[in-house]
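The structure appears below as structure tokens.
Heavy-atom basis, side chains included; hydrogens, waters and symmetry copies ignored. Order of appearance sets the numbers: ligands from 1, and atoms from 1 within every ligand. These numbers were taken from a predicted model, which means no experiment stands behind them.
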Amino acid sequence: MDEKDLEITIAHLYPKLLNLYGDMGNIIALQKRCQWRGINVIYKEININDNIDDNDIYFIGGGQDKQQEDVAAELYKHKDFLTAQRDKGSVFLGICGGYQLMGHYYQPFDKEKLQGISLLDAYTTAGKKRFIGNVTCKIDFLSLKTLVGFENHSGLTYLSGETKPLGIISTGNGNNGIDKTEGARYKNVFGTYLHGSLLPKNPHFADYLIELALEKKYGEKIKLSPLNDEIEMKTHNSLVGKAY
Ligand code: GLN
């Protein structure tokens, strides 16, 4: 199919509350990487009390515990629908606080447990130490084997069952600073602690998410045409292995 005949819908979940450390940059990267190829993008901002409908990509950013609290109860109302969307192959990307709410629960340090929507077989409990700094993670599902980003969280996330790590930490802490895992994936649901924002400096991963979303929508694998990623890769490579 010609890229100019393609269209993709992106639902941004609760950006007025969960949009920490430039996470909006992930939406901009997805939009631009589609538009530069002539692919039409329909962007929907989903706020508290809004309905959520069928979309190709759902994005939820990070936030402090208080914002997570405000979002958790609202997000839970859509658990069944979003689970069905996951099982239909919609792509989800959750960053940090949003990632934590895609698991079973997030237990803050001194507050009530926040119910997650269990798109991932994972749970998070707040630790005493805050993990802050650059992260390099080794991945095995793309030809470029690294993801880079910035972490700032006290939550410790643990994975189970069919939910596998996004990658293995080579610099930084990742999910919990113990098992060397970073992020999570189940079906087309991706969670990660990598803020920064993630996708502008990991163009290979951005294109991978777009291709998965197009496959879900059009029922066939669609290889995106290449873009000139010189600047993006210069940034990526400057961060590989960088700690602080
Ligand atoms: N409040 C969560 C934590 O501290 C998530 C923070 C974030 O989204 N950066 O772990």
ask   = Do the side chains of Ile39 and Leu212 join up, straight or via other hydrophobic residues, at under 4.5 Å, putting them in one cluster?
value = yes
ask   = Are any non-hydrogen side-chain atoms of Thr125 and Tyr158 less than 4.5 angstrom apart?
value = yes
message = Hydrophobic cluster membership, with links at side-chain heavy-atom distances under 4.5 Å among I/L/V/M/F/W/Y: are Val71 and Leu114 in one?
response = yes
request  = Identify, chain by chain and in numerical order, each protein residue with a heavy atom under 4.0 Å from an atom of ligand 1.
outcome  = Leu20, Tyr21, Gly62, Gly63, Gln64, Asp65, Gln68, Cys96, Gly97, Gln100, Tyr106, Arg130, Asn152, His153, Ser154, Gly155, His195
key: Ring geometry between Phe141 and Tyr208 (parallel below 30°, tilted from 30 to 60°, perpendicular above 60°)   = tilted
message = I'd like to know if the side chain of Thr9 pairs up with that of Asp56 as donor and acceptor (distance under 3.5 Å, no hydrogens or angles considered).
response = yes
remark   = Contacts of Lys88 meeting side-chain contact (heavy atoms from CB on, under 4.5 Å) (sequence neighbours excluded), chain-then-number -> Gln85
